[in-house]
Amino acid sequence: MNSGVNDQDTQRKHAFDAIIDAKDVEHALKLICELYPIGHCTYHLAQTMASEQNVDSPFVRTTYPSDWVARYLLKDYVKIDPILKEGMLRALPYAWSEIEPDEEAIELLVDFQSHGLGAGGYSIPITDKVGRRALFSLNSKAGENSWDEIIDQYKEDWIELGQVLHKKAIKELYGDVDPAPTLSPRELETLHWTALGKDYKDIAMILDVSEHTIRTYMRTARLKLNCSSMTQAVAKASKLRLINP
Amino acid sequence: MFLTVQAHEYHKYPTLLKQMFKLRKRVFSDQLNWDVPVKGDIEKDAYDGLNPVYLMWCNDEKTKLYGVVRLMPTTGPTLLYDVFRNTFPDVVSFEAPGIWEGTRMCIDQELLAKDHPEIEPGYAFSMLLLALCEVAIKHGIHTMVSNYEPQMKRVYRRTGIEVNELGRSSEYGKYPVCCSTFEVSNQVLEKMRKKLGVSAPIYQVALPKRSIADYVLEAA
(Lines give C-alpha, C1' and ligand atoms only; values in the text may rest on other atoms or scores of the structure.)
Protein backbone atom coordinates (compact mmCIF):
# COMPACT_ATOMS: atom_id res chain seq x y z
CA MET A 1 0.00 0.00 0.00
CA ASN A 2 2.90 2.28 0.67
CA SER A 3 4.64 1.52 -2.57
CA GLY A 4 3.63 4.89 -4.04
CA VAL A 5 5.25 6.68 -1.14
CA ASN A 6 8.34 4.48 -1.34
CA ASP A 7 8.62 5.11 -5.04
CA GLN A 8 8.60 8.82 -4.46
CA ASP A 9 11.12 8.37 -1.65
CA THR A 10 13.48 6.37 -3.85
CA GLN A 11 13.03 8.82 -6.68
CA ARG A 12 13.68 11.68 -4.33
CA LYS A 13 16.82 10.04 -3.00
CA HIS A 14 18.18 9.49 -6.51
CA ALA A 15 17.38 13.06 -7.45
CA PHE A 16 19.11 14.42 -4.36
CA ASP A 17 22.16 12.21 -4.86
CA ALA A 18 22.61 13.42 -8.40
CA ILE A 19 22.09 17.06 -7.52
CA ILE A 20 24.42 16.94 -4.52
CA ASP A 21 27.07 15.28 -6.71
CA ALA A 22 26.74 17.77 -9.56
CA LYS A 23 30.05 19.49 -10.15
CA ASP A 24 28.70 23.03 -9.86
CA VAL A 25 25.54 25.08 -9.50
CA GLU A 26 24.97 25.23 -13.24
CA HIS A 27 24.99 21.45 -13.59
CA ALA A 28 22.84 21.05 -10.51
CA LEU A 29 20.22 23.38 -12.00
CA LYS A 30 20.20 21.44 -15.27
CA LEU A 31 19.61 18.25 -13.32
CA ILE A 32 16.78 19.80 -11.33
CA CYS A 33 15.10 20.70 -14.63
CA GLU A 34 15.41 17.12 -15.81
CA LEU A 35 14.26 15.55 -12.56
CA TYR A 36 11.22 17.69 -11.79
CA PRO A 37 8.27 18.73 -13.99
CA ILE A 38 9.47 22.29 -14.45
CA GLY A 39 10.60 24.48 -17.34
CA HIS A 40 13.56 26.34 -15.88
CA CYS A 41 15.25 27.24 -12.65
CA THR A 42 17.57 29.94 -11.36
CA TYR A 43 19.78 30.45 -8.35
CA HIS A 44 20.59 34.05 -7.48
CA LEU A 45 22.94 35.01 -4.65
CA ALA A 46 22.39 38.67 -3.85
CA GLN A 47 24.95 41.37 -4.27
CA THR A 48 27.12 40.51 -1.36
CA MET A 49 27.40 42.62 1.72
CA ALA A 50 30.13 44.92 2.91
CA SER A 51 31.62 42.17 5.03
CA GLU A 52 32.66 40.29 1.92
CA GLN A 53 34.30 42.82 -0.29
CA ASN A 54 36.04 40.28 -2.44
CA VAL A 55 32.81 39.69 -4.34
CA ASP A 56 31.01 42.74 -5.58
CA SER A 57 28.58 41.31 -8.10
CA PRO A 58 25.71 38.89 -7.71
CA PHE A 59 26.28 35.23 -8.42
CA VAL A 60 23.58 34.02 -10.83
CA ARG A 61 23.15 30.68 -12.56
CA THR A 62 20.14 29.80 -14.67
CA THR A 63 18.79 27.37 -17.22
CA TYR A 64 16.86 30.06 -19.10
CA PRO A 65 17.62 30.14 -22.84
CA SER A 66 20.50 32.41 -23.76
CA ASP A 67 18.32 34.77 -25.82
CA TRP A 68 16.23 35.54 -22.73
CA VAL A 69 19.31 35.96 -20.56
CA ALA A 70 20.78 38.36 -23.15
CA ARG A 71 17.53 40.29 -23.31
CA TYR A 72 17.35 40.46 -19.50
CA LEU A 73 20.86 41.87 -19.31
CA LEU A 74 20.39 44.27 -22.22
CA LYS A 75 17.21 45.75 -20.76
CA ASP A 76 18.69 45.74 -17.27
CA TYR A 77 15.59 43.92 -16.08
CA VAL A 78 17.32 43.00 -12.85
CA LYS A 79 16.33 46.46 -11.59
CA ILE A 80 12.61 45.93 -12.11
CA ASP A 81 12.24 42.15 -11.82
CA PRO A 82 9.35 41.79 -9.35
CA ILE A 83 10.26 38.21 -8.46
CA LEU A 84 13.74 39.23 -7.44
CA LYS A 85 12.81 42.53 -5.83
CA GLU A 86 10.35 40.90 -3.45
CA GLY A 87 12.35 37.70 -3.16
CA MET A 88 15.22 39.44 -1.44
CA LEU A 89 12.80 40.84 1.17
CA ARG A 90 10.42 37.96 1.64
CA ALA A 91 11.39 35.06 3.89
CA LEU A 92 8.68 32.48 3.15
CA PRO A 93 8.64 30.61 -0.16
CA TYR A 94 6.04 31.98 -2.57
CA ALA A 95 4.21 31.22 -5.77
CA TRP A 96 4.63 33.93 -8.38
CA SER A 97 0.85 34.28 -8.40
CA GLU A 98 1.16 35.99 -4.99
CA ILE A 99 3.06 38.89 -6.52
CA GLU A 100 1.40 42.08 -7.66
CA PRO A 101 3.47 43.40 -10.57
CA ASP A 102 3.87 47.17 -10.94
CA GLU A 103 3.70 49.06 -14.26
CA GLU A 104 7.38 48.62 -15.04
CA ALA A 105 7.30 44.94 -14.35
CA ILE A 106 4.45 44.27 -16.77
CA GLU A 107 6.68 45.07 -19.73
CA LEU A 108 9.18 42.53 -18.46
CA LEU A 109 6.49 39.90 -18.03
CA VAL A 110 5.14 40.37 -21.54
CA ASP A 111 8.66 40.10 -22.87
CA PHE A 112 9.24 37.00 -20.73
CA GLN A 113 6.19 35.33 -22.21
CA SER A 114 7.20 36.19 -25.77
CA HIS A 115 10.30 34.08 -25.21
CA GLY A 116 8.06 31.05 -24.78
CA LEU A 117 8.49 30.75 -21.02
CA GLY A 118 5.88 29.47 -18.59
CA ALA A 119 3.60 31.75 -16.61
CA GLY A 120 3.89 29.90 -13.31
CA GLY A 121 6.72 30.10 -10.84
CA TYR A 122 7.79 29.34 -7.30
CA SER A 123 10.60 31.07 -5.45
CA ILE A 124 12.41 30.12 -2.29
CA PRO A 125 14.26 32.81 -0.33
CA ILE A 126 17.43 31.58 1.36
CA THR A 127 19.17 33.14 4.35
CA ASP A 128 22.31 31.71 5.92
CA LYS A 129 23.90 32.23 9.33
CA VAL A 130 26.16 34.95 7.97
CA GLY A 131 23.08 36.76 6.69
CA ARG A 132 23.71 36.18 2.99
CA ARG A 133 20.53 36.26 0.92
CA ALA A 134 19.81 34.14 -2.12
CA LEU A 135 16.78 33.17 -4.17
CA PHE A 136 16.07 29.84 -5.82
CA SER A 137 13.33 30.16 -8.44
CA LEU A 138 11.55 27.49 -10.41
CA ASN A 139 9.63 28.37 -13.54
CA SER A 140 6.78 26.23 -14.91
CA LYS A 141 6.77 24.72 -18.35
CA ALA A 142 4.95 26.84 -20.94
CA GLY A 143 1.24 26.01 -20.91
CA GLU A 144 1.46 24.12 -17.58
CA ASN A 145 -2.06 23.64 -16.19
CA SER A 146 -1.43 22.03 -12.85
CA TRP A 147 1.33 24.20 -11.47
CA ASP A 148 -0.30 24.59 -8.05
CA GLU A 149 -0.44 20.81 -7.63
CA ILE A 150 3.18 20.49 -8.74
CA ILE A 151 4.20 23.07 -6.12
CA ASP A 152 2.33 21.20 -3.40
CA GLN A 153 3.89 17.92 -4.37
CA TYR A 154 7.50 19.09 -4.56
CA LYS A 155 7.88 22.23 -2.47
CA GLU A 156 9.55 20.47 0.48
CA ASP A 157 12.14 18.94 -1.86
CA TRP A 158 12.76 22.25 -3.55
CA ILE A 159 13.14 24.05 -0.23
CA GLU A 160 15.87 21.58 0.75
CA LEU A 161 17.45 21.80 -2.70
CA GLY A 162 17.67 25.56 -2.27
CA GLN A 163 20.00 24.90 0.63
CA VAL A 164 22.03 22.39 -1.39
CA LEU A 165 22.45 24.93 -4.20
CA HIS A 166 23.40 27.63 -1.73
CA LYS A 167 26.15 25.47 -0.24
CA LYS A 168 27.39 24.68 -3.72
CA ALA A 169 27.43 28.35 -4.68
CA ILE A 170 29.37 29.31 -1.56
CA LYS A 171 31.84 26.56 -2.37
CA GLU A 172 32.17 27.78 -5.94
CA LEU A 173 32.77 31.29 -4.72
CA TYR A 174 34.98 30.67 -1.73
CA GLY A 175 36.47 27.26 -2.38
CA ASP A 176 36.46 24.34 -0.05
CA VAL A 177 37.00 26.35 3.12
CA ASP A 178 34.01 24.91 4.99
CA PRO A 179 35.52 22.27 7.26
CA ALA A 180 33.50 19.34 8.50
CA PRO A 181 30.15 20.59 9.70
CA THR A 182 29.55 21.26 13.36
CA LEU A 183 27.27 18.56 14.65
CA SER A 184 25.59 18.87 18.02
CA PRO A 185 26.04 16.18 20.68
CA ARG A 186 22.50 14.92 20.06
CA GLU A 187 23.08 14.70 16.32
CA LEU A 188 26.28 12.77 16.95
CA GLU A 189 24.50 10.42 19.34
CA THR A 190 21.78 9.85 16.77
CA LEU A 191 24.38 9.07 14.11
CA HIS A 192 26.20 6.79 16.54
CA TRP A 193 23.12 4.71 17.32
CA THR A 194 22.10 4.64 13.67
CA ALA A 195 25.53 3.23 12.84
CA LEU A 196 24.83 0.49 15.37
CA GLY A 197 21.66 -0.44 13.52
CA LYS A 198 19.08 1.30 15.68
CA ASP A 199 16.11 3.00 14.04
CA TYR A 200 14.56 6.27 15.18
CA LYS A 201 12.10 4.51 17.47
CA ASP A 202 14.90 2.70 19.31
CA ILE A 203 16.97 5.85 19.53
CA ALA A 204 14.03 7.85 20.85
CA MET A 205 13.74 5.31 23.62
CA ILE A 206 17.47 5.20 24.35
CA LEU A 207 17.80 8.97 24.53
CA ASP A 208 14.38 9.43 26.11
CA VAL A 209 13.14 12.03 23.65
CA SER A 210 10.29 11.92 21.14
CA GLU A 211 10.51 10.06 17.85
CA HIS A 212 9.88 13.28 16.00
CA THR A 213 12.87 14.87 17.67
CA ILE A 214 15.08 11.98 16.58
CA ARG A 215 13.81 12.22 13.04
CA THR A 216 14.61 15.91 13.15
CA TYR A 217 18.16 15.21 14.37
CA MET A 218 18.53 12.70 11.54
CA ARG A 219 17.38 15.24 9.02
CA THR A 220 19.62 18.06 10.27
CA ALA A 221 22.63 15.76 10.59
CA ARG A 222 22.03 14.43 7.08
CA LEU A 223 21.70 17.92 5.63
CA LYS A 224 24.77 19.22 7.44
CA LEU A 225 26.74 16.31 6.03
CA ASN A 226 25.22 17.01 2.63
CA CYS A 227 23.88 13.47 2.25
CA SER A 228 20.65 12.12 0.83
CA SER A 229 20.27 9.16 3.19
CA MET A 230 21.12 8.24 6.74
CA THR A 231 23.30 5.36 5.56
CA GLN A 232 25.38 7.82 3.61
CA ALA A 233 25.46 10.28 6.50
CA VAL A 234 26.68 7.56 8.87
CA ALA A 235 29.39 6.53 6.41
CA LYS A 236 30.52 10.11 5.92
CA ALA A 237 30.46 10.86 9.64
CA SER A 238 32.63 7.78 10.26
CA LYS A 239 35.02 8.78 7.51
CA LEU A 240 35.32 12.26 8.96
CA ARG A 241 35.89 10.62 12.32
CA LEU A 242 32.94 12.43 13.81
CA ILE A 243 31.69 9.13 15.20
CA ASN A 244 33.47 5.89 16.17
CA PRO A 245 30.80 3.24 16.28
CA MET B 1 -8.37 37.50 10.31
CA PHE B 2 -4.86 36.09 10.21
CA LEU B 3 -2.25 37.49 7.90
CA THR B 4 1.47 37.18 7.35
CA VAL B 5 3.39 40.42 7.01
CA GLN B 6 6.83 40.21 5.41
CA ALA B 7 9.48 42.83 4.75
CA HIS B 8 8.23 43.72 1.25
CA GLU B 9 4.90 44.80 2.77
CA TYR B 10 5.90 46.29 6.14
CA HIS B 11 5.09 49.71 4.69
CA LYS B 12 1.48 48.66 4.16
CA TYR B 13 0.85 47.97 7.85
CA PRO B 14 2.50 50.70 9.95
CA THR B 15 -0.37 50.74 12.47
CA LEU B 16 -0.35 47.01 13.09
CA LEU B 17 3.43 46.95 13.42
CA LYS B 18 3.39 49.79 15.91
CA GLN B 19 0.70 48.06 17.95
CA MET B 20 2.78 44.92 17.87
CA PHE B 21 5.91 46.53 19.33
CA LYS B 22 3.79 48.19 22.04
CA LEU B 23 2.01 44.95 22.85
CA ARG B 24 5.30 43.10 23.11
CA LYS B 25 6.57 45.69 25.57
CA ARG B 26 3.48 45.26 27.76
CA VAL B 27 3.58 41.47 27.62
CA PHE B 28 7.27 40.56 27.72
CA SER B 29 8.70 43.43 29.72
CA ASP B 30 5.86 44.56 32.00
CA GLN B 31 4.04 41.28 32.63
CA LEU B 32 6.61 38.52 32.17
CA ASN B 33 9.66 40.51 33.22
CA TRP B 34 11.73 39.16 30.39
CA ASP B 35 15.02 40.88 29.83
CA VAL B 36 14.08 42.40 26.46
CA PRO B 37 15.25 45.69 24.91
CA VAL B 38 12.67 48.39 25.63
CA LYS B 39 12.67 51.94 24.29
CA GLY B 40 9.83 54.11 25.55
CA ASP B 41 6.65 52.09 25.12
CA ILE B 42 7.96 49.66 22.51
CA GLU B 43 9.98 46.44 22.59
CA LYS B 44 12.09 45.77 19.54
CA ASP B 45 15.27 43.70 19.22
CA ALA B 46 17.99 43.10 16.66
CA TYR B 47 16.08 40.27 15.02
CA ASP B 48 13.27 42.62 14.03
CA GLY B 49 15.84 44.22 11.77
CA LEU B 50 16.48 40.98 9.89
CA ASN B 51 13.26 40.97 7.88
CA PRO B 52 11.29 38.42 9.89
CA VAL B 53 7.77 37.31 9.07
CA TYR B 54 5.03 38.42 11.45
CA LEU B 55 1.95 36.29 11.67
CA MET B 56 -0.74 38.69 12.83
CA TRP B 57 -4.22 38.23 14.13
CA CYS B 58 -6.21 41.38 13.48
CA ASN B 59 -9.68 42.67 12.65
CA ASP B 60 -10.83 42.55 9.03
CA GLU B 61 -10.05 46.25 8.57
CA LYS B 62 -6.45 45.51 9.61
CA THR B 63 -6.50 48.33 12.14
CA LYS B 64 -6.52 46.40 15.43
CA LEU B 65 -4.00 43.77 16.43
CA TYR B 66 -5.14 40.89 18.66
CA GLY B 67 -2.06 38.73 18.60
CA VAL B 68 1.21 38.09 16.84
CA VAL B 69 4.16 35.72 16.52
CA ARG B 70 7.49 36.37 14.80
CA LEU B 71 8.88 33.78 12.40
CA MET B 72 12.43 33.30 11.14
CA PRO B 73 14.15 30.48 9.24
CA THR B 74 16.70 28.57 11.32
CA THR B 75 19.15 28.62 8.40
CA GLY B 76 19.66 32.32 9.12
CA PRO B 77 20.55 34.18 12.31
CA THR B 78 17.89 33.46 14.94
CA LEU B 79 17.22 34.49 18.50
CA LEU B 80 16.88 31.01 19.95
CA TYR B 81 20.11 29.86 18.32
CA ASP B 82 21.94 32.82 19.81
CA VAL B 83 20.34 32.69 23.26
CA PHE B 84 20.18 28.96 23.82
CA ARG B 85 23.34 27.95 22.02
CA ASN B 86 25.52 28.12 25.12
CA THR B 87 23.10 26.70 27.61
CA PHE B 88 21.74 23.93 25.45
CA PRO B 89 24.10 22.82 22.72
CA ASP B 90 21.35 20.73 21.15
CA VAL B 91 19.67 23.80 19.80
CA VAL B 92 22.61 24.29 17.50
CA SER B 93 21.40 21.35 15.49
CA PHE B 94 18.06 22.87 14.67
CA GLU B 95 19.22 24.44 11.51
CA ALA B 96 17.49 23.37 8.31
CA PRO B 97 15.31 25.01 5.68
CA GLY B 98 12.11 23.27 6.89
CA ILE B 99 12.66 24.33 10.50
CA TRP B 100 11.57 27.80 11.60
CA GLU B 101 11.57 29.53 14.92
CA GLY B 102 8.60 31.32 16.40
CA THR B 103 9.31 33.98 19.02
CA ARG B 104 7.55 36.80 20.89
CA MET B 105 4.21 35.10 20.61
CA CYS B 106 1.58 37.12 22.44
CA ILE B 107 -2.07 38.09 22.63
CA ASP B 108 -3.60 41.47 23.47
CA GLN B 109 -5.97 40.18 26.12
CA GLU B 110 -7.50 43.59 26.90
CA LEU B 111 -8.33 44.44 23.32
CA LEU B 112 -9.58 40.95 22.65
CA ALA B 113 -11.82 41.01 25.73
CA LYS B 114 -13.28 44.28 24.49
CA ASP B 115 -13.86 43.24 20.86
CA HIS B 116 -14.45 39.52 21.37
CA PRO B 117 -15.57 38.84 24.94
CA GLU B 118 -16.63 35.35 23.87
CA ILE B 119 -13.02 34.26 23.25
CA GLU B 120 -11.13 33.34 26.41
CA PRO B 121 -7.36 34.02 26.45
CA GLY B 122 -6.24 30.39 26.42
CA TYR B 123 -8.42 29.68 23.43
CA ALA B 124 -7.12 32.81 21.70
CA PHE B 125 -3.58 31.55 22.10
CA SER B 126 -4.62 28.20 20.69
CA MET B 127 -6.16 29.90 17.66
CA LEU B 128 -2.91 31.72 17.00
CA LEU B 129 -1.10 28.38 17.21
CA LEU B 130 -3.57 26.88 14.76
CA ALA B 131 -2.97 29.73 12.33
CA LEU B 132 0.76 29.19 12.79
CA CYS B 133 0.36 25.52 11.93
CA GLU B 134 -1.53 26.42 8.75
CA VAL B 135 1.07 28.99 7.73
CA ALA B 136 3.83 26.46 8.30
CA ILE B 137 2.21 23.70 6.25
CA LYS B 138 1.44 26.10 3.44
CA HIS B 139 5.11 27.07 3.25
CA GLY B 140 6.77 23.69 3.54
CA ILE B 141 7.78 24.05 7.20
CA HIS B 142 7.82 20.71 9.04
CA THR B 143 9.13 21.76 12.46
CA MET B 144 8.75 24.84 14.63
CA VAL B 145 11.16 25.80 17.41
CA SER B 146 9.73 28.11 20.01
CA ASN B 147 10.32 29.66 23.40
CA TYR B 148 7.70 30.33 26.05
CA GLU B 149 7.24 30.48 29.80
CA PRO B 150 6.77 27.03 31.41
CA GLN B 151 3.09 27.49 32.28
CA MET B 152 2.27 27.83 28.57
CA LYS B 153 2.83 24.11 28.18
CA ARG B 154 -0.73 23.57 29.31
CA VAL B 155 -2.05 25.68 26.43
CA TYR B 156 0.06 23.79 23.92
CA ARG B 157 -1.26 20.51 25.22
CA ARG B 158 -4.85 21.71 25.14
CA THR B 159 -4.33 22.76 21.54
CA GLY B 160 -3.27 19.25 20.62
CA ILE B 161 0.40 20.08 20.15
CA GLU B 162 3.10 17.81 21.47
CA VAL B 163 6.09 19.84 22.54
CA ASN B 164 9.57 18.37 22.76
CA GLU B 165 11.44 20.42 25.27
CA LEU B 166 15.07 21.05 24.37
CA GLY B 167 15.91 22.95 27.50
CA ARG B 168 15.38 26.01 29.64
CA SER B 169 17.26 29.25 29.89
CA SER B 170 17.39 31.75 32.70
CA GLU B 171 19.12 34.33 30.52
CA TYR B 172 15.79 36.00 29.82
CA GLY B 173 15.30 37.45 33.29
CA LYS B 174 13.48 36.47 36.44
CA TYR B 175 11.90 33.20 35.35
CA PRO B 176 13.14 30.30 33.23
CA VAL B 177 12.03 30.18 29.61
CA CYS B 178 11.51 26.90 27.77
CA CYS B 179 12.74 26.14 24.32
CA SER B 180 10.86 23.40 22.48
CA THR B 181 10.20 22.02 19.06
CA PHE B 182 6.92 20.86 17.69
CA GLU B 183 6.05 18.91 14.64
CA VAL B 184 3.97 20.44 11.86
CA SER B 185 1.99 18.09 9.67
CA ASN B 186 -1.49 17.51 8.34
CA GLN B 187 -2.13 15.04 11.17
CA VAL B 188 -1.17 17.63 13.75
CA LEU B 189 -3.38 20.17 11.98
CA GLU B 190 -6.36 17.81 12.03
CA LYS B 191 -5.84 17.12 15.71
CA MET B 192 -5.68 20.81 16.51
CA ARG B 193 -8.80 21.58 14.50
CA LYS B 194 -10.69 18.84 16.29
CA LYS B 195 -9.60 20.03 19.74
CA LEU B 196 -10.52 23.61 18.93
CA GLY B 197 -13.72 22.83 17.06
CA VAL B 198 -12.55 24.51 13.88
CA SER B 199 -13.47 22.97 10.55
CA ALA B 200 -12.17 25.37 7.90
CA PRO B 201 -8.80 27.03 7.28
CA ILE B 202 -8.34 30.29 9.20
CA TYR B 203 -5.33 31.50 7.24
CA GLN B 204 -5.13 32.26 3.57
CA VAL B 205 -2.27 33.55 1.47
CA ALA B 206 -3.20 36.99 0.13
CA LEU B 207 -3.40 37.08 -3.64
CA PRO B 208 -3.33 40.22 -5.80
CA LYS B 209 -6.31 41.18 -7.98
CA ARG B 210 -4.30 40.50 -11.10
CA SER B 211 -1.52 37.97 -10.97
CA ILE B 212 1.60 37.68 -13.04
CA ALA B 213 0.04 34.80 -14.96
CA ASP B 214 -2.91 37.02 -15.94
CA TYR B 215 -0.58 39.55 -17.52
CA VAL B 216 1.54 36.91 -19.18
CA LEU B 217 -1.41 34.99 -20.57
CA GLU B 218 -3.07 38.17 -21.74
CA ALA B 219 0.04 38.98 -23.71
CA ALA B 220 0.06 35.54 -25.27
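Numbered from 1 within each chain, the chains take letters A, B, ... in sequence-line order. These numbers come from a predicted model, not from an experiment.
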For [X], which atoms come within 4.5 Å of any heavy atom of chain B: side chain, backbone, both, or neither?
| X | value |
| --- | --- |
| A/Gln163 | side chain |
| A/Leu92 | both |
| A/Ile124 | neither |
| A/Leu223 | side chain |

- Atom CD of B/Glu190 with >12 non-hydrogen neighbours under 6.0 angstrom: yes
- Task: Select, from B/Thr181, B/Asn164, B/Ile141, B/Leu207, the one with the greatest count of heavy-atom pairs under 4.5 Å involving chain A.
- Result: B/Asn164
- Which one, B/Pro52, B/Gly140, B/Ser211, leads in non-hydrogen pairs under 4.5 Å with chain A? B/Gly140
Taking the inter-plane angle between the rings of [X] and [Y] on a 0 to 90° scale, is it parallel (under 30°), tilted (30 to 60°) or perpendicular (over 60°)?
| X | Y | answer |
| --- | --- | --- |
| B/Trp57 | B/Tyr66 | perpendicular |
| A/Trp68 | A/Tyr72 | perpendicular |
| A/Tyr122 | A/Trp158 | tilted |

Tell me whether [X] contacts the main-chain N or O of [Y] through its side chain, where contact means a donor paired with an acceptor under 3.5 Å.
| X | Y | value |
| --- | --- | --- |
| B/Gln19 | B/Thr63 | yes |
| B/Ser146 | B/Gly102 | yes |
| A/Asn139 | A/Gly118 | yes |

- Message: Just to be sure I understand the criterion: a residue of residues 2-13 of chain B counts if one of its heavy atoms is under 4.5 Å from a heavy atom of chain A. Which ones qualify?
- Response: B/Thr4, B/Gln6, B/Ala7, B/His8
- Item | Top contributor to chain B interface from A/Lys155, A/Glu156, A/Glu98, A/Arg90 [non-hydrogen pairs under 4.5 Å] | A/Arg90
- Identify which of A/Gly162, A/Ala119, A/Gly120, A/Ala95 forms the greatest number of heavy-atom pairs closer than 4.5 Å to chain B. A/Ala119
- Item | Salt-bridge criterion met for A/Asp111 and A/Lys75 (N-O under 4.0 Å) | no
- With the threshold set at 4.0 Å, does a side-chain nitrogen-carboxylate oxygen contact exist between B/Arg104 and B/Asp48? no
- Task: Kindly indicate whether the side chain of A/Leu138, heavy atoms from C-beta on, has any atom under 4.5 Å from the side chain of A/Tyr36.
- Result: no
